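We're numbering straight along the sequence, starting at 1. As the structure is a prediction and not an experimental result, all values here were calculated from the model.
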Amino acid sequence: MSEYGSGQRVLDPMEHDSARQALLDVRHEVSKAVVGQDATVTGMLIALLSQGHVLLEGVPGVAKTLLVRALSAALDLDTKRVQFTPDLMPGDVTGSLVYDSHTAGFTFREGPVFTNLLLADEINRTPPKTQASLLEAMEERQVSVDGVSRPLPAPFLVAATQNPVEYEGTYPLPEAQLDRFLLKLTMPLPERSAEMEVIRRHAAGFDPRDLAAAGVRSVAGAADLERARQAVTGVAVEQEIIGYIVDLVRATRTAPSFLLGVSPRGATALLNTSRSWAWLSGRSFVTPDDVKALALPCLRHRVALQPEAQMDGVRVDDVLGSILASVPVPR
């Protein structure tokens, strides 16, 4: 096999297909426990492929926690959950030095961030100091305590949740931290048919705490995910597509309704997620439709509305939709 300049090997077509099928199987396994959230499951897979983090927004009871647990079970990855509260301290997340009476010294006790999939539940209910404790972990994939940097396991993904309708007693995430999330995925209430299926499963004895009994099994692992990531790096991106991404991002900076537009980091995120989606869809090149499909989840949390626009009830997704409709699409 030939080699990338970085030392990564180029996968042959059979390995491409095998890695892709493994992730498609993961999506099928998750659907055994989570109903009506296929777009969110796909978004989580794209985040894993792109080595990014996800902000999950939805009202209580739409299976945010169950989704992360089912995904980790299907991928055979370790997962931990942290309930963010006003009294949570940074060390409760990252870990801290603990005095050991046997050695008369301090040893590091790992916090829940040392896992593959971290569910940061209701992240906006904890003060900024504790929210910020995740920044280094999310960006550098390491934790520094007492001058010592400790690498986190690979893969590593933070799935942070927040309630879109209850803001009393919350600490909104600052723009700098929001920008660290690759995608913001909204989990809507299910359609009637999907909700009937949820109730039918519970009537038949489904227990969300027992995924094995629901038939969720491990169908892929970290090695499959790494092969898939290598395959994504081979997806071609034409100059016209790069120009289209840049034009979309620049248009957010001049939109009258926006106080803050998308940074270059957002453009890079849109490029990476578009490549992942193209590969997951079975293509070796990115199309404008791939970019459009990821534009909202990739950009909606990286912009801020003007105060007047907020008072008028303008929605971020509507403004982004107008930009997508107005920016010329490459042919």
Is there a donor-acceptor pair closer than 3.5 Å between any side-chain N or O of Arg69 and the backbone N or O of Pro208? yes

Would Arg125 and Gln162 count as a side chain to side chain contact (heavy atoms under 4.5 Å, CB included) if you check the C-alpha gap in whole Å, the side-chain angles of each, and the deciding distance to 0.1 Å? CA-CA 8 Å; Arg125 291 209 171 274; Gln162 61 181 18; over 6 Å; no

CG/Leu270 to NZ/Lys292 distance, rounded to the nearest 0.5 angstrom? 12.5 Å

Just checking, any donor-acceptor pair under 3.5 angstrom between side chains of Thr287 and Asp289? no

Can you tell me if Gln177 uses its side chain to pair, donor with acceptor, with the backbone of Gln131 under 3.5 Å? yes

For Arg27, all residues meeting salt bridge (Lys or Arg N to Asp or Glu O under 4.0 Å), sequence neighbours excluded: none

Is NZ or CZ of Arg150 both nearer than 6.0 Å to the six-membered ring centre of Phe108 and within 45° of the ring axis? yes

Test Ser263 against Asp179 for side chain to side chain donor-acceptor pair (under 3.5 Å), laying out the working first. CA-CA 8 Å; Ser263 70; Asp179 204 35; 3.3 Å; yes

If you define the side chain from C-beta out and look only at heavy atoms, does anything of Phe258 sit under 4.5 Å from Leu320? yes

Within the side chain of Gln37, is there an N or O that forms a donor-acceptor pair under 3.5 Å with the backbone of Pro188? yes

Check ion pair Asp17-Arg20 (N to O, under 4.0 angstrom): yes

So if I apply the side-chain contact (heavy atoms from CB on, under 4.5 Å) rule between Leu45 and each of Val30, Val26, Leu24, which one comes out positive? Val26

Are Ile46 and Leu248 joined in one hydrophobic group, where the rule is that I, L, V, M, F, W and Y side chains link up if heavy atoms are under 4.5 Å apart? yes

Atom CG in Leu271, atom CD1 in Ile241: separation rounded to 0.5 Å? 10.0 Å

Restricting to non-hydrogen atoms, name the atom on Pro151 and the atom on Phe114 that form the minimum distance, rounded to 0.1 Å. O-CE2, 3.6 Å

Side chain Lys184, main chain Cys298, donor-acceptor under 3.5 Å: no

Can you find a heavy atom in the side chain of Arg275 that is under 4.5 Å from one in the side chain of Val237? yes

Test of understanding: clusters of I, L, V, M, F, W, Y form through side-chain heavy atoms closer than 4.5 Å, transitively. Do Val198 and Leu189 belong to the same one? no

Would you say the side-chain atoms of His301 pair up with the backbone N or O of Leu55, donor to acceptor, closer than 3.5 Å? no

Taking everything shown except Arg253 itself, do over 12 heavy atoms lie less than 6.0 Å from its CZ? yes

Residues Leu178 and Leu173: closest non-hydrogen pair is CD1-O, 3.6 Å

Heavy-atom check, side chain of Phe156 versus side chain of Val113, under 4.5 Å: yes

Within 6.0 angstrom of Gln83 CD, more than 12 heavy atoms from elsewhere: yes

Below 4.5 Å, heavy atoms only, C-beta onward: do Met196 and Pro190 meet side chain to side chain? no

Could you state whether Leu185 and Val262 fall into the same hydrophobic cluster, counting links through intermediate Ile, Leu, Val, Met, Phe, Trp or Tyr residues with side-chain heavy atoms under 4.5 angstrom apart? yes

Out of Val316, Leu260, Asp312, Leu259, which residue meets the side-chain contact (heavy atoms from CB on, under 4.5 Å) rule with Leu305? Val316

Report yes if the side chains of Val158 and Leu117 come closer than 4.5 Å at any heavy-atom pair, otherwise no. no

Given the rule in the side chain to side chain contact (heavy atoms under 4.5 Å, CB included) test, do Asp121 and Val82 qualify, once you have shown the distances and angles that lead to the verdict? CA-CA 6 Å; Asp121 219 354; Val82 179; over 6 Å; no

Thr126 side chain vs Ile123 backbone, donor-acceptor pair below 3.5 Å: no

Rounded at 0.5 Å granularity, tell me how far OG1 in Thr233 sits from CG in Leu49. 11.0 Å

Between CG of Leu23 and CG of Leu75, what distance do you get to the nearest 0.5 Å? 7.0 Å

To the nearest 0.5 Å, atom CG of Leu182 lies from atom CG of Leu157 at 9.0 Å

Sidechain-backbone polar pair: Ser276 side chain, Asn272 backbone, donor-acceptor under 3.5 Å: yes

pair Ser257-Val319: side-chain heavy atoms closer than 4.5 Å: yes

Restricting to non-hydrogen atoms, name the atom on Arg201 and the atom on Ala33 that form the minimum distance, rounded to 0.1 Å. NH1-N, 3.8 Å

Nearest heavy atoms of Ala293 and Trp277, plus distance in Å: CB-NE1, 4.0 Å

How far apart are the closest heavy atoms of Met187 and Val62, and which atoms are they? CE-O, 3.3 Å

Atom CZ of residue position Arg109 - does it have more than 12 heavy atoms of other residues, nucleotides or ligands inside 6.0 Å? no

The reported gap from OG1 in Thr115 to CD in Glu110 (rounded to nearest 0.5 angstrom) is 10.0 Å

Show your reasoning for whether side chain to side chain contact (heavy atoms under 4.5 Å, CB included) applies to Leu183 and Leu294. CA-CA 9 Å; Leu183 298 172; Leu294 273 301; 4.2 Å; yes

Taking only residues two or more places apart in sequence, or in another chain, which ones meet Glu29 in a side-chain hydrogen bond (donor to acceptor under 3.5 Å, both in side chains)? Lys32

More than 12 heavy atoms of other residues, nucleotides or ligands under 6.0 Å from CD of Glu139: is that the case? yes

Under 3.5 Å: donor-acceptor pair, side chain of Ser96, backbone of Asp92: no

Do Thr161 and Glu122 meet the criterion of a side-chain donor-acceptor pair at a distance under 3.5 Å? no

Exercise: do Ser72 and Asp78 side chains pair donor with acceptor under 3.5 Å: no

When you measure from the side chain of Glu197 to the backbone N and O of Val35, does any donor-acceptor pair fall under 3.5 Å? no

Could you go step by step and tell me if Glu195 and Arg192 meet the salt bridge (Lys or Arg N to Asp or Glu O under 4.0 Å) rule? CA-CA 5 Å; Glu195 192 163 6; Arg192 183 177 187 274; over 6 Å; no

Please examine the side chains of Arg229 and Glu226, heavy atoms only from C-beta on, and report whether any two atoms are closer than 4.5 Å. yes

Heavy atoms of Arg302 and Phe181 approach each other most closely as NH2-O, 2.8 Å

Please determine whether side chain to side chain contact (heavy atoms under 4.5 Å, CB included) holds for the pair Arg265 and Arg180, giving the CA-CA distance in whole Å, both sets of side-chain angles, and the decisive distance to 0.1 Å. CA-CA 9 Å; Arg265 181 189 282 126; Arg180 295 304 198 281; 3.6 Å; yes

Check the hydrophobic clustering (I, L, V, M, F, W, Y; side-chain heavy atoms under 4.5 Å; chains of links allowed) and say if Leu134 and Val68 are grouped together. no

Hphob cluster co-occupancy, Leu119 + Phe84, side-chain heavy atoms under 4.5 angstrom: no

Can you see whether Thr273 engages Ser50 through a side-chain donor-acceptor pair at a distance of less than 3.5 angstrom? no

Pro112 backbone acceptor or donor facing Arg81 side chain under 3.5 Å: no

Val291 vs Tyr244 side-chain heavy atoms within contact, under 4.5 Å: yes

